[in-house]
Amino acid sequence: MKTKIYDLTDKSIYDEAIKQAALAVKKGGVVVFPTETVYGIGADAFNVEAIHKIFQAKNRPLDNPLIVHFADKKDINLAASNISDNALKVSEKFMPGPITIVCHKQKNIPSCVTACLDTVAVRVPMRESARDLIRACQTPLVAPSANISGKPSPTAPEHVIEDMNGKVDVILIEGRCDVGLESTVVDFTSGEKARILRPGGVTPEQLKQIILLEDSYKPVKQLSVNETPKAPGMKYKHYKPNAKVVCLMGDEKKIVDYINNRTALENNLTAAAVFEHLKEKISCDYVFSLGNKDIPQEAGNLLFYNLRKADEVHAGIIFVMCTDYKGIGLAYHNRLEKASDEIITF
Ligand code: TXA
Ligand code: MG
C-alpha cells in the first residue's frame, strides 16, 4: 500500500492533511496520528472492516480491546453507558488528557472493539491535531498505539514511519509526543473503588485527590497466554526492542560500575539510557539521556524513544536506569519492567 505522509508542523498543509486523513477514515481506511501520549493508529469505531485492518497492520491479537477516542468529552456517552459519578468526576477534571476510563458499553459498539467484553474504554486526547482529526472524521476513532505489537510504542515521527509506512493509508506526523507513555487506564465498572489497570500520564496521586482508588497499583506478574486478565492487553509481551533490555534499580554508583564492568565483557555493541548527570561516566558505545533525575517526566518522555534508538544503532543490549515509583515514575517503571529481559536491584 502507498502511504501518504503529511507533516502537520508545516502549517501551510495542516488543513489539507487533516482533510485527507479524514477522507481516508470515511472510506474505511486506517490512519496514523499523533497524540500527547504516543502515536495512534486509528479507524472509524463503527466500521468493523476498517477496525480489522488495524489488527492486521499491528499484528495485534484479537482479544486485546481498543480505546475509543473522542474529540469532546460530552460525546463519550456515544460509547459508554451508565457512567458512574466517579468516572464523570475524572472525565471532568482530566479530559482532554492522558487518561482512559473503562465504563459499561453502549450496545452499538462493535464487539471487535471491546474484544467481546461488556465494558468499553474511552479517551479524549489532549493533542489539538488529534481532536481536529476526530472532528473532521465525524465519528469516534478506535486507536491503539501505532507500533507493531510487542515493540515499544512510537513517540517520534521516525519511529512511527518505521513501523507503519506501507501498512496504512495516511500517516500524520507532528514532532515528538509530549508525555511519551500511554494514557492511564482506570476501570470504573468493578466494585466501589476505581482501579488503575495501566498506570500512565495521569498519576495515582492526581486521581486520589478526587476519587477513591483501589489500594495502590501493583505491577502485574506475567500471565500465561491462556489466562484471562482484567485488562486483556496485560498478558502479552510488550514494549520490547530487538536489543536485550537490562533494567537497573537502586544505588547510582553501583549501577554505573555494573554497566561499565559488563560492557567490558560484551561482544555486541552496547547502549545505556541513564540520567543526564551520569552520562559521561558510562563507557558504552552509545549513551542516551533520561533527562534530569529530578524531573521524572523527562525520563517518561525518553523511555520508549531510547529503547527504539538502541535498535537504530544496532545495539545488542541496552542498560536502562529506573526512576522511583512516585508520580509518572509508576508508569515508567511498569513499561520498563515489561520491556526488560533482566531486572537488577542494587
Ligand atoms: O495513550 C493511549 O492510550 C494510546 C493513544 C494512541 O491514545 N493508545 C493506547 O492503546 O495505548 P492500546 O491499544 O495500545 O492500549 C489500550 C489498553 C490495552 O491494555 C487494553 O487491554 C486496555 O487498554 N483496554 C481497552 N479496552 C478495555 C476494556 N474494555 N477493559 C479493560 N481494558 C481495556
Ligand atoms: Mg499499545
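In this text the structure is predicted, and so the values were computed from the model without any measurement. The analysis underlying the following values was restricted to heavy atoms, covering all of them including side chains, and did not include hydrogens, waters or symmetry mates. When a ligand or atom number is given, it counts from 1 through the structure's own listing order.
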Legend entry - Nearest heavy-atom neighbours spanning Asn292 and Phe275: C-CD2, 4.4 Å
Legend entry - Exercise: identify the closest heavy-atom pair between Leu181 and Ala331: CD1-CB, 3.9 Å
Legend entry - Shortest heavy-atom approach to atom 24 (N) of ligand 1 - which of Pro61, Pro65, Pro144, Cys177: Pro65
Inset, instruction - Taking only heavy atoms of Glu182 into account, list the atoms of ligand 1 that are under 4.0 Å away from them. - result: 1 (O), 2 (C), 11 (O)
Inset, instruction - Confirm or rule out an N/O/S atom of Ser145, from backbone or side chain, lying less than 2.8 Å from the Mg ion (ligand 2). - result: yes
Inset, instruction - Determine the sole option in Met321, Glu298, Glu252 for which the side chain to side chain contact (heavy atoms under 4.5 Å, CB included) test with Lys293 is passed. - result: Glu252
Inset, instruction - Considering the heavy atoms of Ser183, write down every atom of ligand 1 situated less than 4.0 Å from one of them. - result: 1 (O), 2 (C), 3 (O)
Legend entry - Proximal atoms of ligand 1 relative to Ala143 (non-hydrogen, under 4.0 Å): 6 (C), 8 (N), 10 (O)
Legend entry - Leu197 neighbourhood, listing ligand 1 atoms whose heavy-atom distance to it stays under 4.0 Å: 31 (C), 32 (N)
Inset, instruction - Before signing off on this row, confirm whether His69 and ligand 1 have an N or O atom pair separated by under 3.5 Å. - result: yes
Inset, instruction - Please state which part of His104 comes within less than 4.0 Å of ligand 1, counting heavy atoms only: side chain, backbone, both or neither. - result: neither
Legend entry - Close-contact set for ligand 1 against Ser145 heavy atoms, below 4.0 Å: 8 (N), 9 (C), 10 (O), 12 (P), 14 (O)
Inset, instruction - Determine, using heavy atoms of Lys105 and all atoms of ligand 1, whether some pair is separated by less than 4.0 Å. - result: no
Legend entry - From the candidates Val122, Thr37, Val120, the one that places a heavy atom nearest atom 1 (O) of ligand 1: Thr37
Legend entry - ligand 1 contacted by Pro125 (non-hydrogen, < 4.0 Å): no
Inset, instruction - Determine, for Lys19 against Asp15, whether the closest basic-nitrogen to carboxylate-oxygen distance falls under 4.0 angstrom. - result: no
Inset, instruction - Answer yes or no: is there an ion pair linking Glu36 with Arg131, defined by an N-O contact shorter than 4.0 Å? - result: no
Legend entry - Nearest heavy atoms of Asp178 and Asn301, plus distance in Å: O-ND2, 2.7 Å
Inset, instruction - Keeping the roles fixed (side chain from Gln20, backbone from Ala17), state whether a donor-acceptor pair exists under 3.5 Å. - result: no
Inset, instruction - Check whether the side chains of Thr35 and Arg123 place a donor and an acceptor atom closer than 3.5 Å, and report yes or no. - result: yes
Inset, instruction - Locate the shortest heavy-atom distance separating Thr189 from Val102; write the atom from each residue and the value. - result: CG2-O, 3.6 Å
Inset, instruction - Determine whether the side chain, the backbone, both or neither of Asn64 has a heavy atom under 4.0 Å from any heavy atom of ligand 1. - result: side chain
Legend entry - Cation-pi geometry met for Arg262 and Phe319 (6.0 Å, 45°): no
Inset, instruction - Could you tell me if any non-hydrogen atom of Thr114 lies under 4.0 Å from any atom of ligand 1? - result: no
Inset, instruction - Below 4.0 angstrom from a heavy atom of Thr119, which ligand 1 atoms are there? Numbered from 1 as shown, please. - result: 28 (C), 29 (N), 30 (N)
